[in-house]
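Here's the structure we're looking at; comments come further down.
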Amino acid sequence: MSMKEARLRNDVFLPVIGAGLWKITDRQLMVEVVKNAWQCGYRLFDTASAYSNELALGKAVSELGLPREQIIIQDKLWTTCYGYENAQAACRHSLKKLKTDYLDVYLMHWPAPSKLYDNWEEINAETWRGMEQLYKEGYVRAIGVCNFKISHLEALGKTAAVHPLINQIECHPGMPNKEITEYCRKKEIRIQASSPLGNGQILNNAELLRIAAESGVTAAQLCLKWSLEHGYIILPKTTSPERMRENFCSWQLNLDKDIMHLLDNLPFCGGLAIDSDEVNKFDEL
Ligand code: A2P
């Protein structure tokens with residue numbers, strides 16, 4: 001059965017489960033991961049300039065001969081390339097690394113942190129204008145942001161011609177981010193859950209394990225299905241083919257309302273939980 005898709009406001013459709021590639025930098029490992037993911041049914045590959053693996057992904061896709069039109073390449077602009085011109089130049093550079101002439105999705109990876117920049121609003125607005133230009137010129141099929149809080153989205157809304165189609169944020173049981181997810185739902189900004197397994201840190205939580213065992217699924221599947229039930233696109237990361245399959249199957253599971261309620265109210269139990277107004281040093285994570 002082919003993967004369910006989520007519609008963006010501009011009528012671009014994305015698979016609801018994609019392969020997160022953060023921390024996979026070794027080129028040979030990338031070939032293995034992409035090959036296994038493709039065979040399993042993954043079509044969306046989530047890279048970023050800050051992950052230092054665009055070249056590896058580009059090489060893997062061309063070495064494996066994957067048909068470009070059948071995969072979704074999602075990439076992100078890093079903070080060193082803020083600004084109207086810089087954003088466009090960075091995208092063109094990334095396209096070369098990825099050996100492609102368009103991106104399916106391009107996201108502004110991090111807002112300019114208000115603690116670090118007095119003119120954070122202006123920096124974000126100018127960078128976004130560059131993103132919009134890339135979108136208008138057809139270099140990217142959809143544009144969005146990551147780690148944006150309501151304050152960042154509100155500020156961007158003052159000048160944006162095209163509002164973000166996606167906000168990729170950390171989201172999982174124990175960290176439901178209710179305010180921002182509700183805000184995005186109202187504005188038709190699709191949530192992508194990064195670290196949907198809490199970076200692997202929440203999978204040994206006793207309550208999650210108990211609910212998973214009762215539901216006949218694994219803790220990872222429970223977390224992933226929770227996100228999917230909320231309408232989020234999920235990007236779990238794993239290098240293991242078995243886990244890839246386990247994660248991929250999660251969309252076909254059923255969770256009843258009581259279990260969703262329990263998961264919705266699970267106390268914080270791990271994850272990255274970074275305040276994007278405080279830091280922009282992704283490499284320290
Ligand atoms: P590994 O790559 O060794 O499989 P997130 O997607 O939230 O960032 O979580 C990624 C972490 O969770 C990685 O450490 C990954 O480890 C681990 N992981 C991914 N899928 C599973 C799974 N099904 N079961 C247990 N751990 C998993």
Side-chain angles (χ1 to χ4, degrees), residues 3 14-48 50-53 56-57 60 72 74 76 107 109-110 146-147 166-177 181 191-213 215-230 232-253 255 263 266 268-274 276 282-285:
M3 171 57 61
L14 300 179
V16 293
I17 305 183
L21 301 175
W22 183 27
K23 294 186 180 164
I24 302 170
T25 48
D26 179 82
R27 290 199 189 181
Q28 202 42 49
L29 179 62
M30 181 66 89
V31 173
E32 283 305 304
V33 167
V34 173
K35 183 174 85 187
N36 292 328
W38 168 264
Q39 283 171 353
C40 184
Y42 288 83
R43 294 294 176 266
L44 192 167
F45 297 95
D46 179 62
T47 182
Y51 298 171
S52 303
N53 61 13
L57 176 60
I72 300 287
Q74 174 168 298
K76 310 188 196 79
L107 306 174
H109 203 153
W110 209 272
C146 302
N147 305 298
I166 292 171
N167 189 12
Q168 186 183 122
I169 54 171
E170 182 177 1
C171 210
H172 47 76
M175 203 177 153
N177 270 321
T181 53
I191 293 287
Q192 284 190 339
S194 64
S195 299
L197 305 170
N199 205 229
Q201 294 171 26
I202 64 175
L203 299 175
N204 289 323
N205 175 269
E207 180 68 350
L208 266 182
L209 286 168
R210 185 190 67 75
I211 302 171
S215 313
V217 300
T218 67
Q221 289 175 325
L222 190 68
C223 292
L224 298 177
K225 184 59 181 174
W226 173 87
S227 276
L228 293 171
E229 283 289 316
H230 278 289
Y232 311 150
I233 292 170
I234 54 172
L235 304 162
K237 176 256 159 187
T238 181
T239 52
S240 139
E242 293 75 28
R243 287 177 172 178
M244 265 177 213
R245 278 193 289 278
E246 176 187 333
N247 297 346
F248 193 78
C249 289
S250 57
W251 71 280
Q252 289 165 315
L253 307 172
L255 286 188
L263 295 176
L266 194 79
F268 181 77
C269 54
L272 299 169
I274 304 153
S276 55
F282 187 73
D283 37 319
E284 284 175 10
L285 300 179

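Atoms within each ligand, like the ligands themselves, are counted from 1 in listed order. From a predicted model like this one, the values you see are computed outputs, not experimental measurements.
- Inclusion of Leu197 in the set of residues having an N or O under 3.5 Å from an N or O of ligand 1 is warranted.
- Atom 2 (O) of ligand 1 has its nearest heavy-atom neighbour, among Glu246, Glu170, Lys237, in Lys237.
- By the 3.5 Å distance cut-off applied to N or O atoms, Thr238 is counted among the residues near ligand 1.
- With ring centers used as reference points, Tyr51 lies under 6.0 Å from His109.
- Residue contacts with ligand 1: Gly20 is excluded, as none of its non-hydrogen atoms falls under 4.0 Å.
- Of the listed residues (Thr239, Asn247, Leu272), the one carrying the non-hydrogen atom nearest atom 23 (N) of ligand 1 is Asn247.
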(message) If you apply the rule side-chain contact (heavy atoms from CB on, under 4.5 Å), what do you find for Leu208 with Leu263, and how did you get there?
(response) CA-CA 8 Å; Leu208 266 182; Leu263 295 176; 3.6 Å; yes
(request) Start with the C-alpha gap between Gln74 and Leu107, add the side-chain angles, then the distance that decides, and say whether side-chain contact (heavy atoms from CB on, under 4.5 Å) holds. (result) CA-CA 8 Å; Gln74 174 168 298; Leu107 306 174; 3.7 Å; yes
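- Counting atoms of ligand 1 from 1 in the listed order, those under 4.0 Å from a heavy atom of Pro236 are 6 (O).
- Within ligand 1, the atoms closer than 4.0 Å to a non-hydrogen atom of Ser195 are 5 (P), 7 (O), 8 (O), numbered from 1 in the order shown.
- Evaluated by nearest non-hydrogen atom to atom 16 (O) of ligand 1, the leading choice among Arg243, Lys23, Gln221, Glu242 is Arg243.
- Each of the atoms 7 (O), 9 (O), 11 (C), 12 (O) of ligand 1 lies under 4.0 Å from some heavy atom of Gly200.
- Contacts of Leu203 with ligand 1, taken as heavy-atom pairs under 4.0 Å, involve the side chain alone.
- Aromatic ring pairs are classed by plane angle as parallel below 30°, tilted from 30° to 60° and perpendicular above 60°; the pair Trp226 and Tyr232 is perpendicular.
- Interface atoms of ligand 1 facing Pro196, defined by a heavy-atom separation under 4.0 Å, are 6 (O), 7 (O).
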